[in-house]
Amino acid sequence: MSFILQGLGVSGGIAIGRAMLMSHATLEVSHLTIAPRMVDKEIARLDAAIKTVKRDLQLVKETTENAPAELAAFIDIHTMFLDDPELVDKPHAIIRERRCNAEWALVQQMERLVGEFERFDDPYLRERRFDVVQVVERVIKELLGHTGRPVMKLAKGVKEETLILVAHDLSPADVITFKEHRFASFITDVGGATSHTAILARALAIPSVVGMENARSLIRDGEQLIVDGARGVVIVNPDQRVLEEYQLRKNQIALENSKLKRLKTARSQTIDGVDIQLFANIELPGDVPGALEGGAEGIGLFRTEFLFLNRGDMPDEEEQYEAYKKVVKGMGGRPVTIRTFDLGNDKDIVPQGMAADRVKPNPALGRRAIRLSLAEPRMFHTQLRAILRASKYGPIKLLIPMLAHAHEIDQTLAALEMAKSSLRGEKAVFDEEIEVGGMIEIPAAALAVGLFLRRLDFLSIGTNDLIQYTLAIDRTDEQVSNLYDPLHPAVLMLIAHTLASAEKVEIPVSVCGEMAGDPKLTRLLLGMGLRIFSMHPSQILKVKSRVLKADINELAPTVRRMLRLDEPAKLRDALEWLNA
Ligand code: PEP
Ligand code: MG
């Protein structure tokens with residue numbers, strides 16, 4: 001029977017293949033009563049499985065070249081759990097007391113630990129329950145005789161490229177292993193748009209859909225699947241007609257992608273000779289090679305809060321300095337825009353000890369981003385010093401998130417001056433003239449953009465938040481995601497006003513929200529006056545192909561007329577016409 005499942009597409013493209021279920025129901029283990037004489041043997045069986053998994057994890061970490069540091073850190077956490085008496089010794093006691101099998105004892109203890117993690121206020125610690133589950137799943141697989149890395153032992157004649165992995169979650173060790181293989185795609189039950197699963201999924205750069213909720217229980221091993229990564233759709237057992245249609249689209253995408261690669265070295269210029277800068281958004285230093293591969297002329301947004309990924313403590317100045325330096329050096333003289341921490345909101349990344357008193361139930365409207373940085377001057381000072389020190393190695397621009405008030409800008413500039421002066425005292429080398437920019441992502445900032453233009457060197461429009469705040473919809477809440485509309489006339493008015501005001505005083509403005517990476521919006525944004533786009537690296541060449549075919553002289557009057565429309569249907573028709 002053919003049916004369709006909906007999830008969240010995290011990497012575009014289409015994959016067609018057979019389902020391979022991972023970790024299928026491994027945690028639904030049966031309870032067995034064992035004879036008293038078997039108790040010691042059962043404990044030894046558990047210990048041996050744990051030892052093997054530990055060795056396996058170490059092997060994965062050591063044998064994977066260029067494993068990103070953040071993935072290695074995840075593996076260390078998993079290994080640490082396997083050394084923890086709570087997970088290792090307690091199941092021994094359960095086996096002895098209840099005379100049960102090792103699998104059942106381990107799952108009982110896991111459930112108890114997960115319950116404890118769930119009670120933590122600190123979101124970082126709460127997240128760790130997923131690590132406990134992942135690590136226990138590996139041990140259970142080992143106990144049951146399944147391979148911890150099923151991907152390694154494919155049946156003879158089965159090609160990796162024809163397989164679509166269906167998993168509950170994606171552990172960091174899985175990701176490292178997958179990187180060395182060429183699976184067609186993968187889908188997972190868990191994962192929201194900003195979850196770790198989605199972040200790791202993007203790193204694999206194959207079509208994938210997360211947050212399917214119950215794919216593992218609905219899909220059977222070997223069933224044929226179509227994964228439409230762009231739409232977040234999975235078609236199970238498609239009929240012949242649908243299959244042919246998708247095969248055709250897949251071929252078209254492959255052809256388009258190979259054509260696009262040829263554009264990598266082309267100068268990014270419109271037909272009428274206007275240079276357009278195409279930059280990459282990155283989350284971690286390890287994203288730099290991908291940005292260059294994607295054709296980025298620089299980094300338009302480095303979301304530094306991801307340095308907190310999978311850890312609770314604050315990265316100290318040295319660690320931050322090394323991370324920023326790595327990005328700057330990696331970009332080889334191209335500009336790098338480093339945004340100060342945007343902590344305290346949707347990314348579930350909150351420094352240890354800060355969560356309870358610093359983050360309120362409505363974090364998007366709370367002490368987030370620059371508000372948190374200004375409330376934590378030591379943290380801010382450390383970050384500013386680290387960024388300034390890295391500016392010795394190449395052109396860095398400093399970008400400040402979530403500004404709304406003039407006094408926030410003034411305080412930020414004063415904090416920067418303090419960081420500079422402390423470095424001067426140490427005779428450290430840094431860029432005295434470092435440019436400072438502000439994110440325009442609050443409607444108030446877009447409307448009163450003059451106060452930004454008078455104080456700052458450049459602006460960057462964060463459309464993801466600008467849309468959230470303009471339309472009063474939580475960007476992380478799937479229940480209102482249908483109301484998230486980049487083409488809402490109010491959103492377009494705010495962007496247009498920002499661009500036009502900045503143009504008058506010749507202050508550069510970029511867009512670094514998702515809108516910049518949507519090729520359907522390239523002509524519209526060009527016509528509105530945008531000249532700097534920053535996006536996920538995978539989108540750069542797609543946007544470039546639109547830039548190369550655009551004539552701004554011709555577009556601008558049409559776009560001006562479009563912006564006078566405030567009927568959504570008319571706006572959409574006009575956009576279609578603009579792109580035709
Ligand atoms: C935005 O809000 O558009 C933006 C680029 O920042 P982030 O997505 O990190 O909030
Ligand atoms: Mg934002």
**Q** For T304, give me all partners under side chain to side chain donor-acceptor pair (under 3.5 Å), at least two apart in sequence or on another chain.
**A** Q383

**Q** Mind listing the closest non-hydrogen atom pair of A502 and V509 along with its distance?
**A** CB-CG2, 3.1 Å

**Q** Got a sec, which pairs hit side chain to side chain donor-acceptor pair (under 3.5 Å) with one end in residues 508-519, sequence neighbours left out?
**A** S460-S510

**Q** Test of understanding: with side chain to side chain donor-acceptor pair (under 3.5 Å), list the residues that count as partners of N237, not counting sequence neighbours.
**A** E223

**Q** For residues L541 and G294, report the shortest heavy-atom separation together with the two atoms involved.
**A** CG-O, 3.6 Å

**Q** Evaluate the side-chain contact (heavy atoms from CB on, under 4.5 Å) criterion for residues I495 and M515: first the C-alpha distance (whole Å), next the side-chain angles of each, then the deciding distance (0.1 Å), finally the verdict.
**A** CA-CA 11 Å; I495 298 173; M515 280 178 81; 3.9 Å; yes

**Q** Give me the atom names and distance for the closest heavy-atom approach of H78 to V135.
**A** O-CG2, 3.5 Å

**Q** List in chain and number order the residues that pass side-chain contact (heavy atoms from CB on, under 4.5 Å) with L243, two or more places apart in sequence or in another chain; answer none if no residue qualifies.
**A** I16, Q224, I226, P238, Q240

**Q** For R523 and L578, indicate whether the former's side chain and the latter's backbone hold a donor-acceptor pair under 3.5 Å.
**A** yes

**Q** Mark yes when over 12 heavy atoms from residues, nucleotides or ligands other than Q269 sit less than 6.0 Å from its CD; otherwise mark no.
**A** yes

**Q** Among residues at least two apart in sequence or on other chains, which ones pass ring-ring contact (aromatic ring centres under 6.0 Å, His included) with F341?
**A** F308

**Q** Got C512 and F279 here, is their nearest side-chain heavy-atom distance under 4.5 Å?
**A** no

**Q** Quick check: do R531 and D275 have side-chain heavy atoms less than 4.5 Å from each other?
**A** no

**Q** Do the side chain of Y469 and the main chain of A364 share a donor and acceptor less than 3.5 angstrom apart?
**A** yes

**Q** Measuring from atom CG of L471 to atom CG of L483, what distance do you get when rounded to the nearest 0.5 angstrom?
**A** 8.0 Å

**Q** Go through the side-chain N and O atoms of Q247 and K250 and say whether any donor and acceptor fall under 3.5 Å apart.
**A** no

**Q** Got V449 and H497 here, is their nearest side-chain heavy-atom distance under 4.5 Å?
**A** yes

**Q** Kindly say whether A167 contributes a backbone atom to a donor-acceptor pair with the side chain of T188 at under 3.5 angstrom?
**A** no

**Q** With sequence neighbours left out, what residues match D228 under salt bridge (charged side-chain N to carboxylate O under 4.0 Å, His left out)?
**A** R231, R249

**Q** Please tell me if the side chains of T337 and L301 come closer than 4.5 Å, counting only heavy atoms from C-beta onward.
**A** no

**Q** List the atom of T270, the atom of A550, and the distance in Å for their closest heavy-atom pair.
**A** CB-O, 3.2 Å

**Q** Can you tell me how far apart CD (E435) and CG (L398) are? Round to the nearest 0.5 Å.
**A** 10.5 Å

**Q** Between L292 and M331, is a side-chain contact (heavy atoms from CB on, under 4.5 Å) present by the stated rule, with each step listed?
**A** CA-CA 8 Å; L292 290 171; M331 288 306 290; 3.8 Å; yes

**Q** What verdict does the side-chain contact (heavy atoms from CB on, under 4.5 Å) test give for L5 and I219, after you've listed the backbone C-alpha separation in whole Å, the side-chain angles of each residue and the deciding distance to 0.1 Å?
**A** CA-CA 10 Å; L5 296 170; I219 297 172; 3.9 Å; yes

**Q** Near K570 NZ, under 6.0 Å, is it more than 12 heavy atoms from other residues, nucleotides or ligands?
**A** no

**Q** Taking salt bridge (charged side-chain N to carboxylate O under 4.0 Å, His left out) as the definition, give me every residue that meets it alongside R262, ordered by chain and number, with sequence neighbours left out.
**A** none

**Q** Judged by atom type as modelled, is there a donor-acceptor pair below 3.5 Å linking the side chain of D272 to the main-chain atoms of I552?
**A** yes

**Q** At their closest point, which heavy atom of P285 faces which heavy atom of V327, and how far apart are they?
**A** CA-CG2, 3.7 Å

**Q** Run the salt bridge (charged side-chain N to carboxylate O under 4.0 Å, His left out) test against R560 and tell me which residues pass, sequence neighbours left out.
**A** none

**Q** Looking at residues at least two apart in the chain, or sitting in another chain, which of them share a side chain to side chain donor-acceptor pair (under 3.5 Å) with Y484?
**A** none

**Q** Distance-only, no hydrogens or angles: does the N251 side chain make a donor-acceptor pair with backbone N or O of L248 under 3.5 Å?
**A** no

**Q** Roughly how far, to the nearest 0.5 Å, is the CE atom of M20 from the OG1 atom of T162?
**A** 10.0 Å

**Q** Does the distance from a Lys or Arg side-chain N to an Asp or Glu carboxylate O, for R368 and D342, drop under 4.0 Å?
**A** yes

**Q** Is any NZ, NE, NH1 or NH2 atom of the basic residue among K141 and D56 found under 4.0 Å from an Asp or Glu carboxylate oxygen of the other?
**A** no

**Q** So which heavy atom on S545 is nearest to which on L260, and how close?
**A** CB-CD2, 3.8 Å

**Q** In Å, rounded to the nearest 0.5 Å, how long is the span from CG of N281 to CG of D287?
**A** 10.0 Å

**Q** Return the CD to CD1 distance between E441 and I467, rounded to the nearest 0.5 Å.
**A** 11.5 Å

**Q** Quick one: pull up CD1 in I206 and CZ in F183 and give me the separation to the nearest 0.5 Å.
**A** 8.5 Å

**Q** Within a strict 4.5 Å, meaning less than it, do heavy atoms of the L524 and V559 side chains meet?
**A** yes

**Q** Is a side-chain N or O of S208 found less than 3.5 angstrom from the main chain of F186, in a donor-acceptor match?
**A** no

**Q** Determine, step by step, whether L492 and L571 satisfy the side-chain contact (heavy atoms from CB on, under 4.5 Å) criterion, reporting the C-alpha distance in whole Å, the side-chain angles of both residues, the deciding distance to 0.1 Å, and the verdict.
**A** CA-CA 10 Å; L492 296 182; L571 249 171; 3.9 Å; yes

**Q** Determine whether V233 and V209 make a side-chain contact, defined as any pair of heavy atoms from C-beta on separated by less than 4.5 Å.
**A** no

**Q** Answer yes or no: is there a side-chain heavy-atom contact under 4.5 Å between Q539 and P519?
**A** yes

**Q** For K544, what residues pass the salt bridge (charged side-chain N to carboxylate O under 4.0 Å, His left out) criterion, not counting sequence neighbours?
**A** none

**Q** Do R334 side-chain atoms and G298 backbone N/O form a donor-acceptor pair below 3.5 Å?
**A** no

**Q** Sub-3.5 Å donor-acceptor pair from the side chain of D465 to the main-chain atoms of Q468, do we have one?
**A** no

**Q** Can you name the side chain to side chain donor-acceptor pair (under 3.5 Å) partners of S268, sequence neighbours left out?
**A** none

**Q** Measure from the side-chain N and O atoms of E283 to the backbone N and O of R303, and report whether any donor-acceptor pair falls under 3.5 Å.
**A** no

**Q** Can you find a pair of side-chain heavy atoms, one from Y324 and one from L307, that are under 4.5 Å apart?
**A** yes

**Q** I need the full list of salt bridge (charged side-chain N to carboxylate O under 4.0 Å, His left out) pairs touching residues 571-580, with sequence neighbours left out, sorted by first then second residue.
**A** D485-R572

